[in-house]
Asks: 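The structure follows.
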There are 2 protein chains.
Amino acid sequence: MTETLTERSQKILEAIIEEYIATAQPVGSKALARNHDIKLSPASVRNVMAELEELGYLASPHTSAGRIPTEKGYRFYVDTLLQVNDLNSRQKDQIELQYQQHGLQMADMLREASRTLSSVSHYTGLVMVPRLKVTIFRHIEFVRLSPRQILAVFVTQSGLVQNKLVEIDEELTPRDLEQITNYLNHTMTGLSIQEVRARIVAEMANEKALYDHLLRRTFALSTAALVDETTGDIIIEGTSYFLEQPEFSNLKCMKRIVQTFEQKNILIDLLDRGLDTEGVQVIIGSETKYSELADCSLITAAYSGKRGTLGTLGVIGPNRMPYSTIIPIVDYTATLISRLLDTDND
Amino acid sequence: MTETLTERSQKILEAIIEEYIATAQPVGSKALARNHDIKLSPASVRNVMAELEELGYLASPHTSAGRIPTEKGYRFYVDTLLQVNDLNSRQKDQIELQYQQHGLQMADMLREASRTLSSVSHYTGLVMVPRLKVTIFRHIEFVRLSPRQILAVFVTQSGLVQNKLVEIDEELTPRDLEQITNYLNHTMTGLSIQEVRARIVAEMANEKALYDHLLRRTFALSTAALVDETTGDIIIEGTSYFLEQPEFSNLKCMKRIVQTFEQKNILIDLLDRGLDTEGVQVIIGSETKYSELADCSLITAAYSGKRGTLGTLGVIGPNRMPYSTIIPIVDYTATLISRLLDTDND
DNA sequence: TTTGGCACTCAACACAAAGGAGTGCTAAAG
DNA sequence: CTTTAGCACTCCTTTGTGTTGAGTGCCAAA
């Protein structure tokens, strides 16, 4: 809207937001003029505040309270005022320490990431488990549970194990299965699942292949086994930190948020949005597009393995979050996880 | 302590507890005499109440409030007063319906069980995932992640997939692995993991076997792969129901409980206690031995597969729970899960 | 043994007054 | 023209004070 915000206004807006983040109390002109090395009288501060409110960056709960930031205020703060410091080495160590455990498998590592995000930030940690299609084929195994039921156990390059129950139309003998397994493990290793599927389609298009009974079955089975899960999985840790936030002391609204977490799908959608984004992304309040999370903000970043983005991770908390400290935490964690996934099991 | 409780006292105690369960309000003599077809005047009821309080079954928050049950009161109620009705067929259908989905794997089924327990009872559902040692060996597969790292993927009879990263001392070639896999899959299928381990120990004791290089490696690897996890896993669903309970409206205590849930280990311990117990078990308040859960009660039951008990499931809520409706829900769910695990994938 | 009556207790609720943090406006000072 | 001190005003919050009413314990009568 209005592109004019004097440097002084910006400085005051920043001070108000930081004060509010620290105290969770509406910020008044007097306290502000006193604490934040602002060389102005409370009266002048008031003038600026009124102006900022007019422009929509601030709001006042009632006449005789101070001001609180609006979403627009937070957005401006995050976009232009905020300068994120790097973590100091002590903080980096604190995060890194959690992954020193011997031979963590990917699943454990992701859970640990969520836990660490939560405990370091004191908000709720979120980690999206990589979708099947972006993982890299390493090994597949079929176990016959019954004549028509095959359990496909699929190991990705990074040691993530996914399994899926496949119902088949025609019976397969153990011998058939063994051949199929061998074929897939020899031809597909190292390809991404997307590539594997493309390859299968390509081979099937090759008419000759269709005459090969084994190949046809292989395609049928592996297509079924590698079909994409519609919904990803997400690891949520530290929900209890939400209970500490004064803005959610209202049980009614607290419950709505916890329920939203339990359903997971909304969070999955929000994390998905960060998949194609470079660096850290901040989603504030109604930008989530979900009314349940109107008072929540997310800070997310994508992590990647050897071959591109795998998933996203982040932190969710109230709008009033200390962005300057959380952003580098999320950023560093994403980088760290990416590095670990890259070097591990090479 | 005192074994004498007249029939009249018992009847009044029962009425008080049921009234309190329904309303969450201290129960007074007048309301009680009115509603619960008790043919006594409020004054007489008061006399009995005073007596029950003396004996420790009731407590009064303050002089001019009614009475609330103590733990001892609940315990007596559950042990001798309570008569649980069977579920009617509508309720059974409501539970059963959740499992009609095509080809659920065991893990999905257990999650569904937890979810259903929660949604039907309106409290928090708990399901303990079977410990490795009680599951039945169906198939094992080793995937080499690096020369010294082997991923052991292990499929149980019921389709549960567990995997474990094993670090080995001496390198194994793919050919070695294949032989080991074949050996294990041919000799061990159908045995419980406990039996598999016993078998391995027995074979190793047989001195001749030690000269067989392959066998020795097999034992080393499979011992490592099948080593018991120290801590089981638990599926918790419906934490948000806790936020509805008026007794936990105090955020401080609410947070302590949610944190306890997040750590999981306490709940695992509590569910473990029900492993060797037949039928439904009720743990009330301080009987949990955990101060964090002093105001919570658990209702648990063990479920089993073809070959004995696999794990436990149940519901956790405030002491003030409608035991008469929850107990049959837990009971029926345990029976149902056991039946499904028995018939499925045979 | 049961019950009605009665004095007593005490949380909960409502209402009023005091207190205080903060605002907007105006007029004087820089 | 900008900044600031002063001041009246707003309105939430806190505190205090009755008042209400549900519930109790006890006693004496049925």
Side-chain angles (χ1 to χ4, degrees), chain A residues 4-13 15-20 22-70 73 246-247 249-250, chain B residues 4-13 15-20 22-70 73 246-247 249-250:
Chain A
T4 49
L5 261 196
T6 67
E7 188 158 347
R8 192 179 66 173
S9 299
Q10 295 193 10
K11 186 138 192 246
I12 286 178
L13 178 57
I16 291 172
I17 292 180
E18 281 170 3
E19 181 74 11
Y20 183 68
T23 64
Q25 299 292 330
V27 184
S29 56
K30 208 183 294 176
L32 197 71
R34 213 178 324 117
N35 299 327
H36 285 263
D37 72 332
I38 286 167
K39 290 146 196 62
L40 287 172
S41 71
S44 306
V45 173
R46 277 205 288 282
N47 287 331
V48 177
M49 279 169 134
E51 183 194 336
L52 286 169
E53 179 165 0
E54 188 107 5
L55 294 172
Y57 295 100
L58 295 178
S60 31
H62 54 83
T63 35
S64 73
R67 302 302 212 294
I68 59 175
T70 61
E247 40 264 84
S249 57
N250 171 5
Chain B
T4 50
L5 263 194
T6 66
E7 189 158 347
R8 192 179 67 173
S9 299
Q10 296 194 11
K11 187 140 194 229
I12 287 177
L13 178 56
I16 290 171
I17 293 181
E18 283 171 0
E19 182 74 13
Y20 183 68
T23 65
Q25 299 293 328
V27 184
S29 55
K30 208 183 293 176
L32 197 71
R34 213 176 327 115
N35 299 328
H36 285 263
D37 72 332
I38 285 169
K39 291 146 197 62
L40 288 174
S41 70
S44 305
V45 173
R46 276 206 288 282
N47 287 331
V48 177
M49 280 169 134
E51 183 194 337
L52 286 168
E53 179 167 1
E54 187 106 6
L55 293 172
Y57 294 101
L58 296 176
S60 32
H62 54 82
T63 35
S64 73
R67 302 302 210 296
I68 60 174
T70 61
E247 40 264 84
S249 58
N250 171 5

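To find a chain, count down the sequence lines: A is the first, B the second, and so on, and within it residues start at 1.
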Asks: Side chain of A:S64 only, heavy atoms from C-beta on: which candidate in C:dC10, C:dC25, C:dA21 is closest?
Replies: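 Looking only at heavy atoms from C-beta outward on A:S64, the closest nucleotide is C:dA21.
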
Asks: Taking only N and O in the side chain of B:R67, is any of them less than 4.0 Å away from OP1 or OP2 of D:dG25?
Replies: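 For D:dG25, OP1 or OP2 has a side-chain N or O of B:R67 closer than 4.0 Å.
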
Asks: If I take atom CG in residue A:L58 and atom P in nucleotide C:dT23, what distance separates them, rounded to the nearest angstrom?
Replies: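 So the CG-P distance, A:L58 to C:dT23, works out to 10 Å.
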
Asks: Does C:dT2 have OP1 or OP2 sitting under 4.0 Å from an N or O in the side chain of B:S44?
Replies: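 The answer is no; no side-chain N or O of B:S44 sits under 4.0 Å from OP1 or OP2.
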
Asks: As a test of reading the structure: which of C:dT23, C:dG24, D:dT10 is closest to the side chain of A:A50, going by heavy atoms?
Replies: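 It is C:dG24.
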
Asks: To the nearest Å, give me how far apart CD (B:E51) and C1' (D:dG25) are.
Replies: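 B:E51 atom CD is separated from D:dG25 atom C1' by 15 Å.
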
Asks: Output the rounded distance in Å from CZ (A:R34) to C1' (C:dA21).
Replies: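 Distance, rounded to whole Å: 11 Å.
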
Asks: Between D:dT4, D:dT24, C:dT23, which one does the side chain of B:S29 approach most closely?
Replies: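 Among the listed nucleotides, the one closest to the side chain of B:S29 is D:dT24.
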
Asks: Among the candidates D:dT3, C:dG5, D:dC11, find the nucleotide nearest to the side-chain atoms of B:R46.
Replies: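 Nearest to the side-chain atoms of B:R46, counting from C-beta on, is C:dG5.
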
Asks: If I take atom CD in residue B:E54 and atom C1' in nucleotide D:dT24, what distance separates them, rounded to the nearest angstrom?
Replies: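 So the two atoms are 15 Å apart, to the nearest Å.
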
Asks: What are the two closest heavy atoms between B:S9 and B:L52, and how far apart are they?
Replies: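 Closest pair (atom of B:S9, atom of B:L52, distance): O-CD1, 4.0 Å.
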
Asks: Strictly distance-based, threshold 3.5 Å: is any side-chain N or O of A:S41 a donor or acceptor partner for the main-chain N or O of A:S44?
Replies: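 Checking the backbone N and O of A:S44 against the side chain of A:S41, a donor-acceptor pair under 3.5 Å is found.
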
Asks: Which sits closer to the 5' end of DNA chain D, B:N47 or B:G66, going by the nucleotide each is nearest to?
Replies: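 It is B:G66 whose nearest nucleotide is closer to the 5' end.
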
Asks: Do any side-chain nitrogens or oxygens of A:S41 fall under 4.0 Å of OP1 or OP2 in D:dT4?
Replies: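 For D:dT4, OP1 or OP2 has a side-chain N or O of A:S41 closer than 4.0 Å.
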
Asks: Rounded to the nearest Å, what distance is computed from the NZ atom of residue A:K30 to the P atom of nucleotide D:dA5?
Replies: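 Value for this atom pair: 12 Å.
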
Asks: Considering heavy-atom distances to DNA chain C, does B:H62 or B:L40 have its closest nucleotide positioned more toward the 5' end?
Replies: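 Nearest-nucleotide comparison on DNA chain C picks B:L40.
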
Asks: Would you mind classifying the nucleic acid contact of A:A43 as base, sugar-phosphate or nothing, using non-hydrogen atoms under 4.0 angstrom?
Replies: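 A:A43: base contact, heavy atoms under 4.0 Å.
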
Asks: Of the candidate nucleotides D:dT10, C:dC10, C:dG4, which contains the atom at the shortest distance from the side chain of A:T63?
Replies: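 Among the listed nucleotides, the one closest to the side chain of A:T63 is D:dT10.
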
Asks: Roughly how far, to the nearest 0.5 Å, is the CG atom of B:L32 from the CZ atom of B:R67?
Replies: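 B:R67 CZ to B:L32 CG: 11.5 Å, rounded to 0.5 Å.
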
Asks: Side-chain N or O of B:R8 versus OP1/OP2 of C:dT2: is the shortest distance under 4.0 Å?
Replies: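 It does, given that an N or O in the side chain of B:R8 lies less than 4.0 Å from OP1 or OP2 of C:dT2.
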
Asks: What is the separation between atom CD1 on B:I68 and atom P on D:dT24, rounded to the nearest whole Å?
Replies: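 My rounded result for the distance is 13 Å.
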
Asks: Give me the atom names and distance for the closest heavy-atom approach of B:R8 to B:V48.
Replies: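 Heavy-atom minimum between the residues: NH2-CG2, 3.7 Å.
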
Asks: Rounded to the nearest angstrom, tell me the gap between atom NZ in A:K39 and atom P in D:dT4.
Replies: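 In whole Å, D:dT4 P lies 12 Å from A:K39 NZ.
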
Asks: Is a side-chain N or O of A:S60 found less than 3.5 angstrom from the main chain of A:T63, in a donor-acceptor match?
Replies: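 No, A:S60 side chain to A:T63 backbone: no donor-acceptor pair under 3.5 Å.
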
